[in-house]
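These notes are about the structure you will find just below.
We number each residue from 1, following the sequence as shown. Both ligands and their constituent atoms are indexed starting at 1 by order of listing.
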Amino acid sequence: MSAQDTSLIHTAVREHYAGHARAGSSCCSPSDGAACCDNQLYSIDLLEGLPADVTGFTLGCGNPLDAAALQPGETVLDLGSGGGLDCFLAARQVGPAGRVLGVDMTPEMLARARAAAARLKFAQVEFRQGYLERLPVAANSVDAVISNCVINLAPDKSLVFREIARVLKPGGRVAVSDIVIAGEMPAALRDNPEAWSECLAGAIDWRDYARGLEQAGLVDVRVQPKSGTQPPAHEPYSALITARKAALDTAVIAPAAAEDQPAISELLQANALPTEDLATADVKFFVAKLGGRVVGVAGRQAAGAFGLLRSVAVAPEWRGRGLAAQLVQEVEAEAAARGVRQLYLLTTTAEAYFVERGYTRMERAGAPAEIQATAEFAGLCPDTGVCLTKAL
Ligand SMILES: C[S@@+](CC[C@H](N)C(=O)[O-])C[C@H]1O[C@@H](n2cnc3c(N)ncnc32)[C@H](O)[C@@H]1O
């Protein structure tokens, strides 16, 4: 999407919501019963004590607050805060010692929200003008990011996802209500300029939404339909999206990327594990990363219908945290998903470790020919290496 397209969408969306703010109307469009308009998003208990002009002005499509599980003293950021209802609900949960920031690009919305905050004496709530794609918020400063029916309106969602990951503290969490779709957006909606502002045309496939958050570095990403059941394909629907930014000392386990290769080789060499055949062997690696650094690795070498589990190594300072076990589990799950029914490995030091994880000892010479043909079996691993196997 070009900068011009982005600017056109921002302008159209801003004008649309400026109109809502001026009119005090809380429905995305008269024709839109499905997506943005929902007057029963919150329980009566949650809304109790707030005036009707505040509780009645919602342009959301769900209730992100329950999933956010806010605690007293926390800092919360609401993306696209609109009239401010979610910020005020959050403020009551984080209490006077907490802090709530609402970011919105529409001056008329900000004016409405700021006037309500002043009237209701929410001193811990602040509304800032800005774009989701370039948040006016410091890095690593927020315990929870919430948002209600806004990210679908952003032309470049990957920028928004990266901004969320940037502003969250390590261990911080995401709870977002938004419109998504399963499959392609029908052309009638996609090509209708009004439908973008009405929270429809900008909705993306829920799997792309999840992938976008993961690519931004977030973990434990879940996208659940608000209704509880998966709606039919090609129909926009409201979903609750949750995710987490890994804590500083929590490793993220993921398939290795091309740029991880030098760090993998270094870790294997430091652990006296073979790397000579890596350029030619067909090995699928998984890595454990902490703050972007590779601290653990395990791999599966393809060998016909079988798999060779190899290269299980964890940096000394990160041992004893179960990383090797998680990496082995990932390798086993990936192998099983690819139809591999039997894994083999050679080890000189970790027989007991693998036996505890369901591997059994066997004669090295009894491994199938495809496994015998791997460089590890053919000589890279010393004769003292014990052969173990596990059915998947
Ligand atoms: C559908 S309304 C939702 C408002 C509020 N979250 C609620 O639940 O009532 C969308 C809001 O997001 C704001 N918005 C949309 N796109 C934005 C962007 N890219 N950056 C900042 N604000 C945006 C609009 O100005 C509007 O106030």
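- Annotation: the span from Glu198 atom CD to Asn192 atom CG amounts to 7.0 Å, rounded to 0.5 Å.
- A salt bridge is defined here as a Lys NZ or Arg NE, NH1 or NH2 lying under 4.0 Å from an Asp or Glu carboxylate O, and Lys157 with Asp178 fails to meet this definition.
- The shortest heavy-atom distance from Cys149 to ligand 1 is under 4.0 Å.
- Between the side chain of Arg319 and the main chain of Val314, a donor-acceptor pair closer than 3.5 Å is present.
- Short contacts between ligand 1 and Leu153, defined as distances under 4.0 Å to a heavy atom of the residue, involve ligand atoms 10 (C), 15 (C), 16 (N).
- A salt bridge between Glu214 and Arg211 is absent, with no side-chain N of the basic residue lying under 4.0 Å from a carboxylate O of the acidic one.
- Aromatic pair Tyr209/Phe161: centroids less than 6.0 angstrom apart.
- Proximity of a side-chain donor or acceptor of Gln372 to a complementary backbone N or O of Ala367 within less than 3.5 Å is detected.
- Judged by distance alone, the side chain of Lys390 and the main-chain N or O of Phe354 form no donor-acceptor pair under 3.5 Å.
- A cation-pi arrangement is present between Arg357 and Tyr353, with the terminal nitrogen or guanidinium carbon under 6.0 Å from the aromatic centre and inside a 45° cone about the axis.
- Not one N or O of Val13 is nearer than 3.5 Å to an N or O of ligand 1, by distance alone.
- Not one N or O of Asp78 is nearer than 3.5 Å to an N or O of ligand 1, by distance alone.
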Take Leu343 and Leu388, measure what side-chain contact (heavy atoms from CB on, under 4.5 Å) needs, and give me the verdict at the end. CA-CA 8 Å; Leu343 278 182; Leu388 299 172; over 6 Å; no
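- For atom 16 (N) of ligand 1, the candidate residues are Arg112, His20, Met105, Arg14; the nearest heavy-atom contact is made by Met105.
- Rounded to the nearest 0.5 Å, atoms CG (Leu189) and CD (Glu184) are 12.5 Å apart.
- Residue contacts with ligand 1 for Leu132 involve both N, CA, C or O and side-chain atoms from C-beta outward (heavy atoms, distance under 4.0 Å).
- Between Arg112 and Glu108 there is no salt bridge, since no side-chain nitrogen of the basic residue lies less than 4.0 Å from a carboxylate oxygen of the acidic one.
- At under 3.5 Å, not a single nitrogen or oxygen of Tyr131, backbone or side chain, sits near a nitrogen or oxygen of ligand 1.
- Each of the atoms 19 (N) of ligand 1 lies under 4.0 Å from some heavy atom of His10.
- Atom 26 (C) of ligand 1 has its nearest heavy-atom neighbour, among Ile9, Leu79, Asp104, in Asp104.
- Looking at Asp86, Val150, Asp178, it is Val150 that brings a heavy atom closest to atom 14 (N) of ligand 1.
- Proximity to Glu133 (heavy-atom distance under 4.0 Å) selects the following atoms of ligand 1: 19 (N).
- Close N/O approach between Met109 and ligand 1 is not found [any backbone or side-chain N/O within under 3.5 Å].
- Residue Asn148 has at least one nitrogen or oxygen atom sitting less than 3.5 Å from a nitrogen or oxygen atom of ligand 1, judged on distance alone.
- Compare Gly60, Ala18, Gly80 by their heavy atoms: the one nearest to atom 5 (C) of ligand 1 is in Gly80.
- Residue-ligand proximity: Ser177 is placed with every non-hydrogen atom at 4.0 Å or more from ligand 1.
- Atoms of ligand 1 lying under 4.0 Å from at least one heavy atom of Gly130, given by number and element, are 20 (N), 21 (C).
- Atoms of ligand 1 lying under 4.0 Å from any heavy atom of Thr106, numbered from 1 in the order shown and given with element: 24 (C), 25 (O).
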